[in-house]
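Here's the structure, in structure tokens; my notes come after.
Computed over heavy atoms, backbone and side chain alike; hydrogens, waters and symmetry mates excluded. All chains are named by letter (A, B, ...) in the order of the sequence lines, taking the proteins before the strands, and each is independently numbered beginning at 1.
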Number of protein chains: 2
Amino acid sequence: MSEGSTAKRVRRTKAEQRAETLEQILDAAEYLFSKNGLHGVTLRDVAQRVGVHTTLLHYYFDDKLSLFEAVFARRAKVTSDRRMEAMARYEAEAGDEPTVEGALHVFLDTDFDLYIERGEPWMNYAAFCARVSNTPEGAALMDEHFDPVVLKLISILKRALPEMPEEDIFWGYHFVTGALMNTFARTGRIDRLSGGLCKSDDFPAVKARMAKFMAAGLLALRGEHGSTG
Amino acid sequence: MSEGSTAKRVRRTKAEQRAETLEQILDAAEYLFSKNGLHGVTLRDVAQRVGVHTTLLHYYFDDKLSLFEAVFARRAKVTSDRRMEAMARYEAEAGDEPTVEGALHVFLDTDFDLYIERGEPWMNYAAFCARVSNTPEGAALMDEHFDPVVLKLISILKRALPEMPEEDIFWGYHFVTGALMNTFARTGRIDRLSGGLCKSDDFPAVKARMAKFMAAGLLALRGEHGSTG
DNA sequence: ATTATCTATAGATCTATAGATAATGC
DNA sequence: ATTATCTATAGATCTATAGATAATGC
């Protein structure tokens, strides 16, 4: 009884202990922030979820916002780098003739695979990003971490659509990212609307449809569409 | 000086006063909630913006969540009814042959026109909805107020796409609403990404592109797309 | 000797309620 | 006489800091 929780306490080095605690804190914060946003989560909530005292969060992070930013930053580089590399490979393969659908498949599917393969923690990160993207405190973070990968996609799309006005390509991306964030958010609304036919958690189903859908949408913007904008 | 603010105080009836104060409170709350979400706004913030004492909010509303729900409900019926009627008219006109693009034009453009015509307060409501749609406390509100109008759209789309599996239509709607909410949110991200070429506030530009884009996307889902989902 | 974690607590807010005051209503 | 608004305040949190204790490091 008095040794109930010693199973794991096989004596860790300080570096290990630090890394482990940090990861637990970030996981808990990621989960809670993804559900309730920056202001909907207290440091106490996070600490309780980890099973640690609130003040420990101040030992590892300056303040609440720093924790929030650290959650964002932890996985941002992984997803960004993966997509950057995948798009570079695609560009090499496609040579002078990249296609809209090809570019979107690489951009979207590479990311979906990440979440599908690695499961809940990464799905939570996706949900976290969806919330952040909607938020004043998140705007700068999105710009900072994801501008390069987005602009890379845009540059391939431009080559695939040389005659299309740039605005149209940007608006197309605006639709793509909106749909993507709505997927990441996993609100459950599509489950209820469809009577269970579709499930918010079913990223494979979205992956199977999204690139084709968005490519067709972008291509449809060719030709006139009023003079507005 | 001592009568500085009497210009408007032309003696109002209590009902008028009540209505006016209520509207000011809802406007202020709508604006603030749209920016910072339920938890990112205090009753004090709202009261200060109106220029009234915090406790007055408790006189008009049970608690903070009631105020939040009242903000949602105030304009929900207007946008829902407008779209319902527009879709009914479209169905009457189109008879046996509604089109995907026609249905989406009615659903989307009718709403965009509302925000474009009536300006900032309604644009704030749209931003408020975008935030709510992403939020646990908002899920039930979205269902309650917007299920009928969405299911109406879905039913027209089904008639326009009789051979398409229902899931595909629901996933198509999922993309549409994601893009729509991203527009409503007006985060400014597309402005920065595009170097000012596109503007988050430019609903006419989105209106000019969105229905065509989404219709093409939906139509592209016809035919095989793997067996996933 | 250093680092990780906890105890104690200050100071600021926040929501909400009770009850007083100042308007309009008849 | 009723309704709208404000004053005063309770009680609960919340963030953050200072300083104590309990581990690991050499």
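- Residue contacts shown for B:L43 are limited to sugar-phosphate atoms, with no base heavy atom under 4.0 Å away.
- Rounded to an integer number of Å, the gap from NE2 of A:H53 to P of C:dT3 is 23 Å.
- Remark: P of C:dA23 and CZ of B:R18 are 19 Å apart, rounded to the nearest angstrom.
- Between the P atom of C:dT3 and the OH atom of A:Y59 lies a distance of 7 Å, rounded to the nearest Å.
- Pair check for C:dT5 finds D:dA20; Watson-Crick or G-U wobble, both atom distances under 3.5 Å.
- Position along DNA chain C of the nearest nucleotide to B:V41 versus B:A15 favours B:V41 as the more 5'-ward residue.
- Side-chain N or O atoms of B:K64 include one that pairs as donor or acceptor with a backbone N or O of B:L38 at under 3.5 Å.
- Across the protein-nucleic acid pair, B:Q17 atom CD and D:dT2 atom C1' stand 13 Å apart, rounded to whole Å.
- Both A:T42 and A:T55 sit near DNA chain D, but only A:T42 has its closest nucleotide nearer the 5' end.
- Atom CG in B:L22 sits roughly 11 Å away from atom C1' in D:dA4 (whole-Å rounding).
- For OH of A:Y31, the number of neighbouring non-hydrogen atoms (other residues, nucleotides, ligands) closer than 6.0 Å is 12 at most.
- Of the candidates C:dT2, C:dC6, D:dA4, the closest approach to any side-chain atom of A:V52 belongs to C:dC6.
- The distance between atom CG of B:N36 and atom P of C:dC14, rounded to the nearest whole Å, is 13 Å.
- Using a distance-only test at 3.5 Å, with no hydrogens or angles considered, a donor-acceptor pair links the side chain of A:S200 to the main chain of A:G188.
- For B:H58, counting side-chain heavy atoms from C-beta on, the closest listed nucleotide (C:dT17, D:dA16, D:dG25) is C:dT17.
- Rounded to whole angstrom, the span from the CG atom of A:L56 across to the C1' atom of C:dT5 amounts to 6 Å.
- Taking only distance into account, the side chain of B:K64 never meets the base of C:dT15 through a donor-acceptor pair shorter than 3.5 Å.
- Whole-Å rounding puts the A:R44 CZ to D:dC14 P distance at 6 Å.
- Set against D:dT5, D:dT24, D:dA16, the side chain of B:Y60 has D:dT5 as its closest nucleotide.
- Aromatic pair A:F33/A:Y125: ring centres not closer than 6.0 Å.
- A:D45 and A:T42 are linked by a side-chain donor-acceptor pair at a separation below 3.5 angstrom, with hydrogens and angles left out of the test.
- Within 4.0 Å (heavy atoms only), A:T54 reaches no atom of the nucleic acid at all.
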